[in-house]
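When reading the values below, keep in mind they use all heavy atoms of this one structure, side chains included, and skip hydrogens, waters and symmetry mates.
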There are 2 protein chains.
Amino acid sequence: MFQIEILMAGKKENNTDIQLNLDEKDLGILKLLQEDAKMTIRDIARQLNLSTTPVYERIRKMEQAGVIKQYAAIVDPRKINKSLTVLCYITLKEHNKKCGRKFIQEILSFTEVTECLNISGEFDFMIKVQVKDMDEYREFYVNKLGELDNLSHTQSIFVISVIKATHQVVF
Amino acid sequence: MFQIEILMAGKKENNTDIQLNLDEKDLGILKLLQEDAKMTIRDIARQLNLSTTPVYERIRKMEQAGVIKQYAAIVDPRKINKSLTVLCYITLKEHNKKCGRKFIQEILSFTEVTECLNISGEFDFMIKVQVKDMDEYREFYVNKLGELDNLSHTQSIFVISVIKATHQVVF
DNA sequence: AATAAATCAGATATTTGTTCCAAATTGAAA
DNA sequence: TTTCAATTTGGAACAAATATCTGATTTATT
């Protein structure tokens with residue numbers, strides 16, 4: 001069992017620690033922008049029965065406070081030849097701080113890894129790997145992951161089908 | 001083992017099946033827009049040593065072909081009181097088409113579920129659940145997931161720390 | 001009732017996406 | 001290699017739409 005919290009503790013990647021009290025209007029704005037970041041302030045205002053000013057200011061505040069982390073174009077992996085998704089579970093041999101940090105650093109450098117979670121249970125980490133096909137996965141597994149020197153054991157679970165995939169956390 | 005492929009087969013949610021041959025320039029554009037969807041066509045053109053016309057037309061084509069699925073504001077879950085992420089693994093009792101479809105339909109309706117994958121291995125599905133805290137998770141687990149009548153067994157894995165989380169699939 | 005905060009409505013100046021056409025590049029054919 | 005057709009790109013220009021600001025007005029708070 002390896003808890004990475006300690007390692008990340010110093011890393012304040014949050015823009016600020018400002019904790020906003022988000023009300024219904026803020027959540028309404030977020031809901032719309034999560035669906036379509038290209039919506040204009042005017043349209044948002046219209047849908048929420050507000051004028052542009054409050055919408056404008058609320059968005060600005062939420063951007064500054066880090067509530068809105070980024071605006072991103074979401075790309076369909078299948079359309080760019082990255083159709084295979086693999087969940088790879090990893091347990092480390094050594095669990096001390098130094099080794100954990102090294103592992104994280106190396107994992108972060110692998111572009112195939114789109115997600116890395118420190119988890120409870122049998123394994124220490126789950127990484128999500130996005131590749132073209134099985135050949136490319138083997139290549140990754142053998143030559144990148146396999147080169148790390150702190151792995152105890154791993155397990156690869158293959159994604160057969162994506163039923164749902166969203167970034168929306170506001171309901 | 002439950003392969004949902006068949007169920008999803010008829011569901012062509014891809015805008016079109018146009019398969020674009022993306023070149024270096026297209027990938028360059030995608031790379032930038034994945035980082036920041038608010039970048040202007042002019043700025044993109046500048047960074048790639050192009051004029052606005054090709055950038056404009058390439059973006060339009062990629063939008064139409066579904067390469068770019070959407071533009072989204074990415075919200076930090078911790079800033080809106082959804083700090084707990086749980087991976088919940090599920091195996092169904094009945095694996096026939098009808099039951100699978102029903103399960104999927106119900107899962108999709110749960111707003112707490114931000115991701116649902118049909119996977120290989122011991123379990124049929126992995127769902128990612130985003131909630132405020134353990135109380136809210138229990139509430140979900142007991143009253144929503146627990147109400148489904150086709151569950152064989154489940155396992156909850158808790159996310160201790162998010163090391164990496166990106167939507168970038170273009171390098 | 002008085003003060004502070006939030007919202008409205010309207011106006012502005014900048015910026016943006018979008019178009020046009022000539023020039024350049026590419027790729028195939030000879 | 002040379003020629004020719006077909007794409008692709010550069011650069012400039014435009015109209016439309018946008019974010020942003022100001023001050024009056026409303027709403028909430030003390």
Taking CZ from B/Arg42 and C1' from C/dT18, how many angstroms apart are they, rounded to a whole number? 10 Å
Could you tell me the separation between the CG atom of A/Leu50 and the P atom of C/dA5, rounded to a whole number of Å? 20 Å
Is the gap between the ring centers of B/Phe125 and B/Tyr89 under 6.0 Å? no
Mind calculating the distance between CZ (A/Arg58) and P (D/dT20) to the nearest angstrom? 17 Å
Which is true for B/Arg60 with a 4.0 Å heavy-atom rule: it touches a base, it touches only sugar-phosphate, or it touches nothing? nothing
Separation of atom CG in B/Asp43 from atom P in C/dT14, rounded to whole Å: 18 Å
Nucleotide nearest A/Glu57 (side chain, heavy atoms from C-beta), chosen from C/dT7, D/dT8, D/dT20: C/dT7
C/dA9 base / A/Thr53 side chain donor-acceptor hit below 3.5 Å: yes
Residues A/Glu136 and A/Tyr141: side-chain donor-acceptor under 3.5 angstrom: no
Once you round it to whole Å, what is the distance between C1' of C/dT16 and CD1 of B/Ile59? 12 Å
Atom CG of A/Leu48 and atom C1' of C/dC8: how far apart are they, to the nearest Å? 15 Å
Parallel, tilted or perpendicular: rings of B/His167 and A/His167 (30°, 60°): tilted
I'd like to know whether B/Glu115 forms a salt bridge (charged side-chain N to carboxylate O under 4.0 Å, His left out) with A/Lys164, so could you lay out the CA-CA distance, the side-chain angles of the two residues, the decisive distance to 0.1 Å, and finally the verdict. CA-CA 5 Å; B/Glu115 199 173 338; A/Lys164 183 177 187 176; over 6 Å; no
Which of the following nucleotides, D/dG10, C/dT7, D/dT18, is nearest to the side chain of A/Pro54? C/dT7
Could you check how far CE of B/Met39 sits from P of C/dT15, rounded to whole Å? 16 Å
B/Ile41 CD1 to D/dT9 C1', straight-line distance once rounded to whole Å: 15 Å
Has A/Lys25 got a side-chain N or O lying under 4.0 Å from the OP1 or OP2 atom of C/dA6? no
Any A/Asn150 side-chain heavy atom under 4.5 Å of A/Lys102 side chain: no
Regarding B/Lys38, tell me which of base, sugar-phosphate or nothing describes its non-hydrogen contacts under 4.0 Å with the strands shown. nothing
Would you call B/Asp76 and B/Arg78 a salt bridge, taking side-chain N to carboxylate O under 4.0 Å as the test? yes
Quiz question: by atom type and distance under 3.5 Å, do the side chains of B/Thr114 and B/Gln130 form a donor-acceptor pair? no
Overall bend of the helix from C/dA1-D/dT30 to C/dA30-D/dT1 (five pairs an end, 10° steps) is 50°
Testing D/dT9, C/dT19, C/dG10 for proximity to the side chain of A/Thr52, the answer is C/dG10
Classify the nucleic acid contact of A/Asn49 as base, sugar-phosphate or nothing, counting any heavy atom under 4.0 Å across all strands shown. sugar-phosphate
Please check the phosphate of D/dC21 (OP1 and OP2 only) for any side-chain N or O of A/Tyr56 closer than 4.0 Å. yes
